[in-house]
Amino acid sequence: MSGFVEELKRRNVVRVGLAYLVFGWLVLQVADVVFPALDMPEWTISAVTVLLAIGFVPALIFSWVYELTPEGIKREADIDPSESITAHTAKRLDIAIVILLLGTIGLVAWDRFNPSVPEKGSESFSSAASTATEATKNDSDPFSKSELSIAVLPFADMSPAGDQGYFADGLAEELLNVLARVDDLKVAARTSSFKFRGENSDISQIGQALGVGHVLEGSVRKAGDQIRVTAQLIDVNGGFHLWSDSYDRTLDNVFAIQDEIASSIVDALKLELEIGSLPAGETTNVEAFDLYLRARELAREPNKDGLLRAIRYYEQALELDPDFAQALGGIAAAWLWLEDYGGIPGSEAFPKAEAAARRALEIDPKLAEALSAIGFVMDRANTGTPTETRVFFEQALEANPSYVEAYTLYGDVLLDLGEMDKALEIRRRAVEVDPLSTFLKSRLANGLRVRGLEEAAEEVIDNIFEAAPEDTYGYEELANLRSQQRRPADAIRHYRFVHENRPGDPFSAAQIAIIYAEMGALGKAAEWVDAARARGENNRWELIARQKLAETTGDWDSLARLGLLIASPLGLSWQGFAATAQGDWEAARSAFLASLNQYGYDPGDAISANLVEPLLGLALAEQRLGVENWQQRAGKVRMLLTRIRDDDGVVVARRNLPHMEARVEALAGNSDQVVSLMREALDIGFNDPTFLELDPFFSELRDDPELQAIAEQIRAHNRAELQKLESRVGES
């Protein structure tokens with residue numbers, strides 16, 4: 001055996017094998033950098049790897065059988081031992097191996113200290129920016145990998161008991177928030193980054209999915225007051241580690257660890273971050289910080305019980321540190337979710353949210369959660385104009401571009417302002433920041449639907465279901481789309497799925513009640529109103545469903561009472577329409593004026609979408625009272641609706657646009673245009689046959705045969721849809 005080994009050495013088989021391995025590794029590293037730059041497919045690198053592996057054994061066999069001589073390659077068996085030059089060849093191989101090793105070391109060092117991030121102004125940077133722009137237009141790869149962009153993955157919980165997941169997640173998210181303050185660094189939002197929890201995904205796949213050039217991953221081990229944090233920054237393109245480190249500290253040093261990691265990352269990316277002292281509103285109390293992280297984990301999903309528990313944790317954190325602005329911001333956001341998804345009446349939730357947000361802003365004027373909460377309250381409680389409200393969302397996004405909640409609310413305000421293109425742009429931008437968020441994708445689908453881009457909306461919804469086949473946000477928006485397409489039976493089916501799979505949220509039950517009311521199935525409508533009420537008496541969605549039921553049955557006294565329950569000035573508008581339907585024009589005018597006053601309406605300003613109905617109601621009341629101003633009121637509404645139509649909108653303030661235009665033309669006595677608009681309204685989803693019988697705007701046109709035919713067409717369609725529901729077991 002020893003003789004065989006000696007012969008292997010003499011024939012340089014061992015040296016050839018070593019040289020082959022070093023050379024092969026070097027080839028793979030070069031290919032990993034060069035092939036992507038040449039836009040070669042990923043399988044080419046795998047192919048090179050396989051070819052190198054296949055060639056290893058033949059290379060060894062060749063070195064055993066053949067020898068390189070001055071006369072060329074000869075078989076070993078044909079060479080006289082006295083003429084063999086294997087010793088000379090061995091020296092050459094030794095030199096080659098050393099050179100290859102030096103090249104390998106040099107490549108690793110170059111990659112470590114010179115990460116492949118093109119500088120602005122270079123040709124490669126310009127090319128990458130152009131590519132990123134095109135990708136953004138196609139709703140894919142939102143961040144060019146050549147740009148400075150990063151995703152922070154959830155840190156693994158390595159604690160002995162495995163019960164510190166909330167703490168590991170919280171530490172990762174705090175790092176994300178710090179990095180979001182860095183100029184020229186794009187940071188993927190938490191929802192998308194944390195989708196990769198527990199998955200053994202390749203770094204390049206993660207980078208592609210999130211559209212980032214760098215990934216930060218790490219782990220946390222917490223035992224008693226001891227904590228160990230490890231973190232590593234990886235370049236997506238090459239898979240190289242740009243930086244890594246470990247920190248063994250006591251728990252009271254956790255804040256310093258965050259700063260050190262953030263500083264190391266920006267240093268590696270050649271950026272600047274002035275951390276300095278702790279920002280206003282954060283805490284140095286470790287126990288308060290722990291309670292805050294527990295609360296934030298509970299508040300992630302719109303679950304009523306979880307949100308209420310989160311508020312209690314936030315309040316306990318504030319007992320330990322009364323100036324903990326982030327906890328106050330968390331309380332504000334939780335109350336807003338409870339109003340929207342938890343069935344809490346706005347009269348209870350909005351004041352609590354606003355008080356917490358304003359207190360937080362006194363401590364930290366740039367806290368995105370608090371700025372966004374103020375904007376939300378102003379929008380939903382109608383305590384400010386959309387022009388005033390948008391400022392808060394813009395400030396929130398300036399403070400933290402990764403705070404995605406602000407994008408969707410900002411988009412709603414822009415719709416109120418009639419800025420359809422800008423609203424859609426904001427919804428697209430939200431998906432760019434958080435590309436795997438099904439919620440934000442559903443809001444993008446909503447924006448496309450409002451613009452009448454139904455096929456595009458359907459494509460986004462299909463994309464949601466590809467990733468998450470039972471996603472409730474996807475089903476909610478699919479139901480909204482089917483309702484707009486005059487497919488109420490399908491809409492009800494999808495809303496029911498959401499209702500059954502999202503406990504505590506009254507929205508879907510309210511929508512089902514509205515659809516049944518439009519179809520004339522009043523008993524079913526009442527049942528679903530009760531289902532919405534069961535998730536919180538007098539919640540916003542239940543009251544809206546009851547409003548629709550009162551309108552479709554002509555129960556004007558009930559509508560007036562409902563106006564006292566919902567947050568004004570919307571409630572004042574409901575009271576105004578109840579008085580209008582009863583012919584009490586003075587009371588109607590008074591209610592609409594009060595509503596507009598609470599909206600902050602200035603007759604000299606352009607109007608927003610939330611002013612359309614009260615201003616139009618005021619015009620009707622003043623027309624009947626012989627007040628000359630009614631034409632100016634109607635004219636303002638006409639101008640806004642025309643602008644929205646010109647921007648390809650089909651919905652205004654949750655109402656069918658042509659139907660609202662038909663109201664304006666009915667007020668002006670233009671019956672031919674009313675008929676034309678109502679036909680168009682029918683084509684894009686209007687489905688309420690009571691418009692001619694009960695809507696006071698059409699009172700002078702109730703005998704018009706063409707409008708009667710439209711109303712009957714709606715009734716016939718609804719009867720067919722009800723039969724569809726009755727034919728499906730469990731869907732009646």
Side-chain angles (χ1 to χ4, degrees), residues 133-142 209 211 407-408 411-412 414-415 418-495 497-498 508 511 515 518 609 641 643-661 677-687 713-714 717 720-721 724:
T133 301
E134 290 301 316
T136 299
K137 292 179 181 178
N138 294 319
D139 294 327
S140 62
D141 195 19
Y407 285 98
T408 183
D412 289 343
L414 291 169
L415 286 176
E419 297 185 25
M420 312 296 286
D421 287 340
K422 179 69 172 177
L424 194 55
E425 176 193 336
I426 288 298
R427 296 203 190 285
R428 290 186 188 277
R429 194 182 304 168
V431 174
E432 291 172 9
V433 174
D434 206 349
L436 302 185
S437 168
T438 57
F439 172 70
L440 293 176
K441 286 182 179 179
S442 74
R443 299 308 297 159
L444 174 58
N446 181 278
L448 292 165
R449 176 182 64 83
V450 168
R451 290 290 300 275
L453 303 172
E454 294 183 359
E455 289 186 8
E458 191 114 32
E459 288 179 7
V460 175
I461 294 169
D462 288 343
N463 180 264
I464 292 173
F465 290 139
E466 286 175 9
E470 296 190 346
D471 186 81
T472 58
Y473 296 124
Y475 273 103
E476 178 181 310
E477 196 48 48
L478 182 59
N480 292 339
L481 180 60
R482 295 292 178 256
S483 182
Q484 182 168 300
Q485 294 170 333
R486 293 188 71 227
R487 294 169 57 180
D490 290 333
I492 285 176
R493 180 162 54 91
H494 299 317
Y495 280 133
F497 178 87
V498 179
S508 293
Q511 299 308 303
I515 294 174
E518 289 181 341
L641 298 182
R643 180 156 62 89
I644 293 175
R645 174 179 285 275
D646 289 343
D647 284 341
D648 300 321
V650 298
V651 175
V652 54
R654 300 178 65 86
R655 298 277 190 171
N656 181 293
L657 176 63
H659 170 237
M660 297 302 293
E661 292 175 311
L677 286 164
M678 287 309 300
R679 285 176 178 157
E680 183 185 352
L682 190 64
D683 290 340
I684 61 169
F686 185 76
N687 207 48
Q713 184 179 346
I714 295 173
H717 178 76
E721 290 292 308
K724 287 182 184 178

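Source: prediction; values computed, not measured. All values below were derived from every heavy atom in this structure, side-chain atoms included, with hydrogens, water molecules and symmetry-related copies excluded.
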Within this structure, what is the CG-CG distance for the pair Leu448 and Leu444, rounded to the nearest 0.5 Å?
4.5 Å
I need the full list of salt bridge (Lys or Arg N to Asp or Glu O under 4.0 Å) pairs touching residues 453-464, with sequence neighbours left out, sorted by first then second residue.
Glu458-Arg482
With sequence neighbours left out, what residues match Tyr475 under ring pair (Phe, Tyr, Trp, His ring centres under 6.0 Å)?
Phe465, His494, Phe497
Which residues pass the salt bridge (charged side-chain N to carboxylate O under 4.0 Å, His left out) test with Asp412, not counting sequence neighbours?
Arg380, Arg427, Arg443
Once you round to the nearest 0.5 Å, how far does CG of Leu478 lie from OH of Tyr495?
9.5 Å
What heavy-atom pair brings Ala445 and Ala457 nearest, and what distance separates the two atoms?
O-CB, 3.5 Å
I'd like to know if Glu721 and Lys724 make a salt bridge, using a cut-off of under 4.0 Å between side-chain N and carboxylate O.
yes
Looking at side-chain heavy atoms only, is the closest gap between Ile714 and Arg486 below 4.5 Å?
yes
Tell me, please, which residues at least two apart from Gln511 pass side chain to side chain donor-acceptor pair (under 3.5 Å).
none
Taking every heavy atom of Gly418 against every heavy atom of Arg643, the minimum-distance pair comes out as O-NH1, 3.5 Å
Once rounded to the nearest 0.5 Å, what's the spacing between atom CG of Leu453 and atom CG of Leu424?
7.0 Å
With sequence neighbours left out, the residues meeting side chain to side chain donor-acceptor pair (under 3.5 Å) with Asp434 are Thr191, Ser192
Checking Leu682 against His717 for the side chain to side chain contact (heavy atoms under 4.5 Å, CB included) test, could you report, in this order, the C-alpha distance in whole Å, the side-chain angles of both residues, the deciding distance, and whether it holds?
CA-CA 11 Å; Leu682 190 64; His717 178 76; over 6 Å; no
Minimal non-hydrogen separation, Ala209 against Leu436, with atom names:
O-CD2, 4.2 Å
Working to the nearest 0.5 Å, report the span between OG of Ser437 and CG of Asp471.
8.5 Å
Inter-residue atom distance Ile492.CD1 - Arg487.CZ, 0.5 Å rounding
13.5 Å
Taking Glu432 first and then Arg428, would you say they form a salt bridge - that is, a charged N and a carboxylate O separated by under 4.0 Å?
no
Student check: side-chain heavy atoms of Ile464 and Glu477 closer than 4.5 Å
no
Selection residues 424-460 - residue pairs positive for ring-ring contact (aromatic ring centres under 6.0 Å, His included), sequence neighbours left out
Phe439-Tyr473
Enter the distance from Thr408:OG1 to Ile426:CD1 here, rounded to the nearest 0.5 Å.
10.5 Å
Would you please name every residue forming a ring pair (Phe, Tyr, Trp, His ring centres under 6.0 Å) with Phe686, sequence neighbours left out?
His659, Phe691
Within-4.5 Å side-chain heavy-atom neighbours: Arg451 and Val650:
no
Of all residues at least two apart in sequence or in a different chain, which pass the side chain to side chain donor-acceptor pair (under 3.5 Å) check with Ser483?
none
Please, which pairs that meet side chain to side chain donor-acceptor pair (under 3.5 Å) have at least one residue in residues 646-656, sequence neighbours excluded?
Glu613-Arg655
Could you work out, with side chain to side chain donor-acceptor pair (under 3.5 Å) as the rule, every residue matching Glu518, not counting sequence neighbours?
none
Tell me, please, which residues at least two apart from Asp683 pass salt bridge (charged side-chain N to carboxylate O under 4.0 Å, His left out).
none
